[in-house]
2 protein chains.
Amino acid sequence: MEERYPIRQIFPGLEEGLYEELEQYADIKEIPAGTQMLRKGQTIRSTMLVLDGIVKLYQDDEEGNEFFMYDIEPGEACAVSMVCTYRQENSQVVAKALTDVVVLNIPIQYMDEWLGKYKSWHYFVIRTWRARYDELLRTINDIAFRNMDERLLSYIEKQVEKMGRQVKLTHQEIATDLNSSREVISRLMKKMEKNGWLISHRNSFEWTKP
Amino acid sequence: MEERYPIRQIFPGLEEGLYEELEQYADIKEIPAGTQMLRKGQTIRSTMLVLDGIVKLYQDDEEGNEFFMYDIEPGEACAVSMVCTYRQENSQVVAKALTDVVVLNIPIQYMDEWLGKYKSWHYFVIRTWRARYDELLRTINDIAFRNMDERLLSYIEKQVEKMGRQVKLTHQEIATDLNSSREVISRLMKKMEKNGWLISHRNSFEWTKP
DNA sequence: GCCCATCAGTGATCTTGGTCACATAACAGC
DNA sequence: GCTGTTATGTGACCAAGATCACTGATGGGC
């Protein structure tokens, strides 16, 4: 099983003893695309490291609003599952498998034990934490200070950085992620197209802005 | 010096050895009200535990916009100084002493060393992270999904919970914290007053909503 | 090639909240 | 008390973005 997902490559720089414990005590789970992996409010009994696929984290509320936070990719861990207790009656954080996903499941007691035992694990956890905290700060900054056109721009640039210049997202999907509406995104993207920033196709577009 | 700020009371539940190390290696700093204690982008060389006073954390950008994140009170630590690297050319996180503040300054190497050495420290750090991360999630939820009236309500309720029913804030200060404008806050608070939720005075108001 | 479903484009209108321009009001110092 | 300063109240107007109501495109299945 393990050899199909080379932990040492996906999570480089950890201590040898830690790799061995990971192989021994963590188990691999395969999760089909579309599965909801985490619904906040449920008690977290384990931490996940992503080996393959993309996990999308977003907030939603009872009125059907959604708001994209960030993606977790191979080599990254879910900070929320590490530390989060957030729960509000009318809103929650949701993790959803965007593609088929393979995760390494770590029971919470090892997660704690290793913090004292392996420096590299400790730094990995801190690093993960940092990255996610920073990402949230950036998000707050965006929605507090920036208008839709700027937010859309930085959203697209984030996508391009991850997935390449061919972005296969519909206007509706983008609107949902930004908690906006399709029409607004359509209009803004039309403008961007007129500026020569993109070439649009049916279910996707090509980002041509340098 | 130490005896004026009883660490054992302000930060209860830590291990005896840890208290002793804290007394030995951490030093107390007194900071006058209004001081800017942290400007993101500068490298963090130490962590702060707040012994007395209130530290306010907010984001700002180059256009003079501000956005309140949360307060740090005695018995709490600054998660940002623990983990944050956030830096964007046009925006930053600022920590400012709202009152005269006394902090315990912990050089970063002890902070790390203790994580392996004292279980109680480890849990304290995790707890701090959790609280701050949750707070940010809640904030995102607010600005993404809620209108100004709801945001104002939850802002006031947060203040009341901390400072009591006599809230000494001007409309302008509230507007700045919420990145709104004074007129909007004035109007909304007038409405609240008509609902019998508050009694307003010149530089303050009394929250009477049950 | 026709039908249907999905996706995209666009004008009209509405709502929220920001901005402007004042009018009061309250207090502080003299 | 008078005066200047700061805080608040309010109407008029503006702008961004949401919503509504459509019209076209595009493509897949049969």
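Below, read A as the first sequence line, B as the second, and so on, with proteins coming before strands; counting in each chain starts at 1. Remember, it's a predicted structure, so these values are computed and weren't measured experimentally.
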Sequence neighbours left out, cut at 3.5 Å: what donor-acceptor pairs do the side chains of residues 147-155 of chain B make with other protein atoms?
residue : atom : partner : partner atom : Å
B:R151  : NH2  : B:L178  : O            : 3.0
B:S154  : OG   : B:R151  : O            : 3.4
B:Y155  : OH   : B:D177  : OD2          : 2.5

Could you list the donor-acceptor pairs under 3.5 angstrom formed by side chains in residues 160-167 of chain A, with sequence neighbours left out?
residue : atom : partner : partner atom : Å
A:R165  : NH1  : A:W207  : O            : 2.3
A:R165  : NH1  : A:K209  : O            : 3.3
A:R165  : NH2  : A:K209  : O            : 3.1
A:Q166  : NE2  : A:E206  : OE1          : 3.4

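For A:R182, the salt bridge (charged side-chain N to carboxylate O under 4.0 Å, His left out) criterion is met by no residue, not counting sequence neighbours. With sequence neighbours excluded, no residue forms a ring pair (Phe, Tyr, Trp, His ring centres under 6.0 Å) with A:Y123.
Between A:L198 atom CG and C:dA8 atom P the separation is 12 Å, expressed in whole Å. The separation between B:R151 atom CZ and C:dG17 atom P is 9 Å, rounded to whole Å. In this structure, the NZ atom of A:K168 is 17 Å from the C1' atom of C:dC7, given to the nearest Å. Atom pair B:E66:CD and C:dG18:P shows a separation of 15 Å (rounding to whole Å applied).
If you look at A:W114 and A:Y110, their ring centroids are closer than 6.0 Å.
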How does protein reach along nucleotides 8-20 of chain D, written 5' to 3' as B (base within reach of a heavy atom under 4.0 Å), S (only sugar-phosphate), or - (no contact)? BBBBB----SSBB
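Within the model, atoms OH of B:Y70 and CZ of B:R138 stand 13.5 Å from one another, a figure rounded to the nearest 0.5 Å. Note: A:L104 CG to A:Y5 OH = 11.5 Å, rounded to the nearest 0.5 Å.
Counted within 6.0 Å of CD on A:Q9, heavy atoms from surrounding residues, nucleotides or ligands total 12 or fewer; the atom is thus considered open.
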Annotated structure of DNA chain D as dot-bracket, pair cut-off 3.5 Å, Watson-Crick or G-U only, | for inter-strand, is ||||||||||||||||||||||||||||||
